[in-house]
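The structure under discussion appears below in the form of structure tokens.
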Amino acid sequence: MKAIVDIYLKQGVLDPQGKAVHHALHSLGFNEVTDVRVGKQIVLQLDESDEEKATQRVKEMCETLLANTVIEDYKIEIVK
């Protein structure tokens, strides 16, 4: 089973990397871009067959290590 974790800064938290990408895109003529938020994606291969248990374990991983929950939100997707 595979778990895909998307981690993004919470709304309202300054995203300097997103601002830099936004500025660079405008400099290159991609003026239709109105905002950029940069995040990260972590793909975990799990030795677990129960989707609920896998989700709970990945949530524990996010809360413990993978995400800084003070400033970041995360989303877990389990893929069989």
Side-chain angles (χ1 to χ4, degrees):
M1 182 172 293
K2 183 171 23 176
I4 300 171
V5 182
D6 292 317
I7 301 171
Y8 297 96
L9 290 170
K10 291 181 176 181
Q11 288 297 326
V13 175
L14 182 62
D15 181 359
Q17 190 175 9
K19 294 292 182 201
V21 171
H22 182 241
H23 178 73
L25 288 170
H26 273 239
S27 296
L28 294 170
F30 298 105
N31 296 317
E32 67 273 28
V33 178
T34 60
D35 190 30
V36 177
R37 301 288 288 176
V38 174
K40 58 187 170 187
Q41 185 177 75
I42 300 171
V43 179
L44 303 165
Q45 195 67 42
L46 304 171
D47 185 16
E48 177 61 64
S49 57
D50 184 295
E51 187 172 340
E52 190 172 318
K53 286 181 182 176
T55 301
Q56 183 57 41
R57 291 295 285 166
V58 173
K59 182 176 179 184
E60 291 172 20
M61 293 175 205
C62 289
E63 299 286 330
T64 305
L65 175 71
L66 301 178
N68 179 347
T69 57
V70 174
I71 61 170
E72 295 175 321
D73 288 325
Y74 63 87
K75 182 182 78 174
I76 300 167
E77 178 186 0
I78 301 294
V79 180
K80 294 181 181 177

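None of the values given here were measured: they were computed from a predicted structure.
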Are [Y] and [X] co-members of a hydrophobic cluster defined by side-chain heavy atoms under 4.5 Å apart?
{"X": "Leu44", "Y": "Ile7", "answer": "yes"}
{"X": "Val5", "Y": "Leu65", "answer": "yes"}
{"X": "Met1", "Y": "Leu66", "answer": "yes"}

field: Pairs satisfying salt bridge (Lys or Arg N to Asp or Glu O under 4.0 Å), at least one member in residues 15-34, at least two apart
entry: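 Pairs touching residues 15-34 that pass the test: none.
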
- prompt: Got a sec, which pairs hit salt bridge (Lys or Arg N to Asp or Glu O under 4.0 Å) with one end in residues 2-13, sequence neighbours left out?
  reply: Asp6-Lys75

CD/Gln45: more than 12 non-hydrogen atoms of other groups inside 6.0 Å: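 It does: Gln45 CD has more than 12 such atoms within range.
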
- prompt: Are more than 12 heavy atoms from other residues, nucleotides or ligands located less than 6.0 Å from atom CD of Gln17?
  reply: no

Set of side chain to side chain donor-acceptor pair (under 3.5 Å) partners for [X], sequence neighbours left out:
{"X": "Glu60", "answer": "Arg57"}
{"X": "Arg37", "answer": "none"}
{"X": "Tyr74", "answer": "Glu63"}

query: Who pairs with Asn68 by side chain to side chain contact (heavy atoms under 4.5 Å, CB included), at least two apart in sequence or on another chain?
result: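 Val70, Ile71, Glu72.
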
- prompt: What residues, two or more places apart in sequence or in another chain, satisfy side chain to side chain contact (heavy atoms under 4.5 Å, CB included) together with Val21?
  reply: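 Partners of Val21 by the side chain to side chain contact (heavy atoms under 4.5 Å, CB included) criterion, ordered by chain and then number, come out as Leu25, Val36, Val38.
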
task: Could you name each residue pair satisfying ring-ring contact (aromatic ring centres under 6.0 Å, His included) that touches residues 25-53, not counting sequence neighbours?
output: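 Passing the test, one end in residues 25-53: His22-His26.
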
query: For His23, which residues count as a ring pair (Phe, Tyr, Trp, His ring centres under 6.0 Å) partner, sequence neighbours excluded?
result: none

field: Approximate separation, where rounding is to 0.5 Å, of Ile4 CD1 and Ile76 CD1
entry: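 Between atom CD1 of Ile4 and atom CD1 of Ile76 there are 11.5 Å.
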
- request: Return the set of residues passing salt bridge (Lys or Arg N to Asp or Glu O under 4.0 Å) with Glu48 (not counting sequence neighbours), or none when no residue passes.
  value: none

